[in-house]
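These notes are about the structure you will find just below.
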Amino acid sequence: ISFNAIDSALSSLKNCQSYINSGMDVATQVALDLVQSSNDEEDVNNMEKVMLEYATMDRELNHYIKALEETINQVKREKPENLPDLENLAQEKFLEMESQNSDSDFQRNEKYMYFKDQLKEMKKQYHDKDTIEQIDEDIAVTRSQMNFICPITQMTMKRPVRNKVCGHSYEEDAILEMIQTQKQKKKKVRCPKMGCSHVDVKASDLVPDEALKRVIDSQNKQ
């Protein structure tokens with residue numbers, strides 16, 4: 001196997017990764033649809049299994065890519081007289097990485113963690129709403145509508161983003177503008193949610209809050 005063959009294998013593997021990422025995005029949307037429309041526990045659990053399979057494939061691909069890249073770099077660095085069997089060398093590195101696999105690896109997979117987080121929020125919005133409504137419908141509506149209000153604009157959010165660090169949500173444009181303004185003053189942004197102690201909100205910590213957006217949209221349609 002030559003360097004050229006490895007380069008072409010690497011670009012194919014990176015293509016596969018983009019397909020896995022797309023698959024994870026679709027699986028997330030389907031799972032949220034299921035909670036929103038039918039709340040069928042078994043179907044939702046099946047989507048969780050699908051996501052876990054995607055995350056496992058992604059980890060395997062990452063290891064293979066890393067093994068190939070390390071092999072190329074090692075050979076280029078050492079410049080041996082006789083070119084070793086690159087395929088075997090890469091396979092050894094790959095198997096060594098795979099032998100250290102653990103479930104905690106998935107906590108580093110952003111799409112998998114986003115899926116878990118959004119699914120939890122979605123279940124909370126739909127399950128909790130049912131239980132609270134049995135107690136007092138007015139309280140339930142008021143309580144859920146309070147979650148719809150952006151702590152910055154004090155208006156119902158249209159495009160909520162969620163802070164991965166503290167879990168609070170804000171209107172996307174409002175929080176980004178706030179971060180930009182403070183950045184120009186060389187200051188950090190404190191989470192605008194009252195009572196939150198998080199003092200360094202970064203744009204990189206914000207993810208679309210799909211679960212909250214769906215609940216707000218369905219409330220607006222009623």
Side-chain angles (χ1 to χ4, degrees), residues 1-35 43-80 82-123 161-167 169 172 176 179 198 200-211 213:
I1 187 167
S2 64
F3 282 131
N4 285 347
I6 285 190
D7 281 340
S8 118
L10 276 173
S11 81
S12 300
L13 289 173
K14 284 172 183 171
N15 270 343
C16 290
Q17 258 183 326
S18 69
Y19 291 129
I20 288 175
N21 283 335
S22 304
M24 290 178 104
D25 289 341
V26 171
T28 302
Q29 296 299 327
V30 170
L32 297 182
D33 283 343
L34 286 169
V35 176
D43 285 345
V44 175
N45 288 341
N46 284 336
M47 289 317 296
E48 289 203 48
K49 285 176 194 161
V50 167
M51 280 300 278
L52 197 54
E53 281 173 24
Y54 272 130
T56 307
M57 281 193 287
D58 189 57
R59 175 177 65 187
E60 202 171 304
L61 262 182
N62 278 328
H63 284 166
Y64 216 86
I65 289 169
K66 200 173 167 192
L68 287 173
E69 286 173 343
E70 281 183 10
T71 301
I72 290 177
N73 291 337
Q74 183 186 333
V75 172
K76 284 181 177 172
R77 196 171 55 245
E78 292 171 1
K79 295 181 183 143
N82 300 315
L83 202 60
D85 186 332
L86 298 178
E87 200 171 349
N88 269 347
L89 207 54
Q91 187 68 12
E92 278 170 25
K93 287 182 190 295
F94 169 71
L95 291 174
E96 188 188 338
M97 288 176 203
E98 285 285 293
S99 70
Q100 290 164 16
N101 284 350
S102 81
D103 287 349
S104 63
D105 299 341
F106 300 126
Q107 286 168 5
R108 290 196 294 274
N109 185 311
E110 285 207 6
K111 284 193 183 287
Y112 181 68
M113 294 314 288
Y114 177 70
F115 169 85
K116 298 281 281 183
D117 174 66
Q118 288 291 291
L119 196 59
K120 187 173 116 199
E121 284 304 303
M122 199 72 176
K123 284 178 177 176
V161 288
R162 184 169 152 79
N163 190 327
K164 290 189 288 187
V165 181
C166 63
S169 296
E172 184 177 24
L176 290 177
I179 291 169
H198 183 47
D200 189 10
V201 180
K202 297 187 181 82
S204 57
D205 291 331
L206 304 174
V207 291
D209 198 337
E210 178 71 26
K213 185 178 187 305

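For clarity, every value in this text was computed on a predicted model and none was experimentally measured. Only this structure's heavy atoms are used, side chains among them; waters, hydrogens and symmetry mates stay out. Position 1 is the first residue of the sequence; numbering continues from there.
- No more than 12 heavy-atom neighbours from other residues, nucleotides or ligands sit within 6.0 angstrom of CG on Asp103.
- Two residues are said to be in side-chain contact when any heavy atoms from C-beta on lie closer than 4.5 Å; Gln118 and Leu32 meet this criterion.
- Side-chain contact between Arg59 and Phe106 is present, with heavy atoms from C-beta onward closer than 4.5 Å.
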Worked check of side-chain contact (heavy atoms from CB on, under 4.5 Å) between Leu206 and Asn163: CA-CA 5 Å; Leu206 304 174; Asn163 190 327; 4.2 Å; yes
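- Of the inter-residue distances, the one linking Glu60 atom CD with His63 atom NE2 reads 9.5 Å to the nearest 0.5 angstrom.
- Nearest heavy atoms, Leu176 versus Ala203: CD2-CB, 4.0 Å.
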For a quick test of your reading: what N or O donor-acceptor pairs under 3.5 Å do the side chains of residues 15-24 make, sequence neighbours left out?
| residue | atom | partner | partner atom | Å |
| --- | --- | --- | --- | --- |
| Gln17 | NE2 | Asn62 | OD1 | 2.5 |
| Ser18 | OG | Asn15 | O | 2.7 |
| Ser22 | OG | Ser18 | O | 3.0 |

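- Within 6.0 Å of the CD atom in Glu98, the count of heavy atoms belonging to other residues, nucleotides or ligands exceeds 12.
- Using a 4.5 Å heavy-atom threshold, the side chains of Leu52 and Lys49 count as separate.
- Taking CZ of Arg77 as the reference point, atom CD1 of Ile72 lies at 12.5 Å (rounded to 0.5 Å).
- Within the 4.5 Å cutoff, no side-chain heavy atoms of Lys116 are placed close to those of Met51.
- When all heavy atoms of Pro84 and Val75 are compared, the closest pair comes out as CG-CG2, 4.0 Å.
- Atom CD in Glu70 sits 4.0 Å away from atom CE in Met97 (nearest 0.5 Å).
- Heavy atoms only, all atoms of each residue included: Ala31 and Phe115 are closest at CB-CE1, 3.5 Å.
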Test side-chain contact (heavy atoms from CB on, under 4.5 Å) applied to Gln29 and Val26, step by step: CA-CA 5 Å; Gln29 296 299 327; Val26 171; 5.8 Å; no
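- Electrostatic pairing of Glu69 and Lys14 counts as a salt bridge here, judged by a charged N lying under 4.0 Å from a carboxylate O.
- No more than 12 heavy-atom neighbours from other residues, nucleotides or ligands sit within 6.0 angstrom of NZ on Lys79.
- To the nearest 0.5 Å, atoms NZ (Lys66) and CG (Leu10) are separated by 14.0 Å.
- Residue pairs meeting the salt bridge (Lys or Arg N to Asp or Glu O under 4.0 Å) criterion with at least one member in residues 21-32, sequence neighbours excluded, are Asp25-Lys111.
- Side-chain contact between Leu34 and Val30 is present, with at least one heavy-atom pair separated by less than 4.5 Å.
- Annotation: the span from Leu68 atom CG to Asn73 atom CG amounts to 11.0 Å, rounded to 0.5 Å.
- His198 places a side-chain N or O within 3.5 Å of a backbone atom of Asp200 that can act as its donor or acceptor partner.
- Atoms CD and CG, from Gln74 and Leu86 in turn, are 10.0 Å apart once rounded to the nearest 0.5 Å.
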Worked check of side-chain contact (heavy atoms from CB on, under 4.5 Å) between Arg162 and Asp117: CA-CA 10 Å; Arg162 184 169 152 79; Asp117 174 66; 2.7 Å; yes
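- Minimum interatomic distance between Ala90 and Ala67 (heavy atoms only, all atoms of both residues): O-CB, 3.5 Å.
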Audit row: Asn109, Tyr114, side-chain contact (heavy atoms from CB on, under 4.5 Å) steps and yes/no: CA-CA 9 Å; Asn109 185 311; Tyr114 177 70; over 6 Å; no
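- Heavy atoms from other residues, nucleotides or ligands lying under 6.0 Å from NZ of Lys213 number 12 at most.
- In this structure, the side chain to side chain donor-acceptor pair (under 3.5 Å) partners of Tyr64, at least two apart in sequence or on a different chain, are Gln91.
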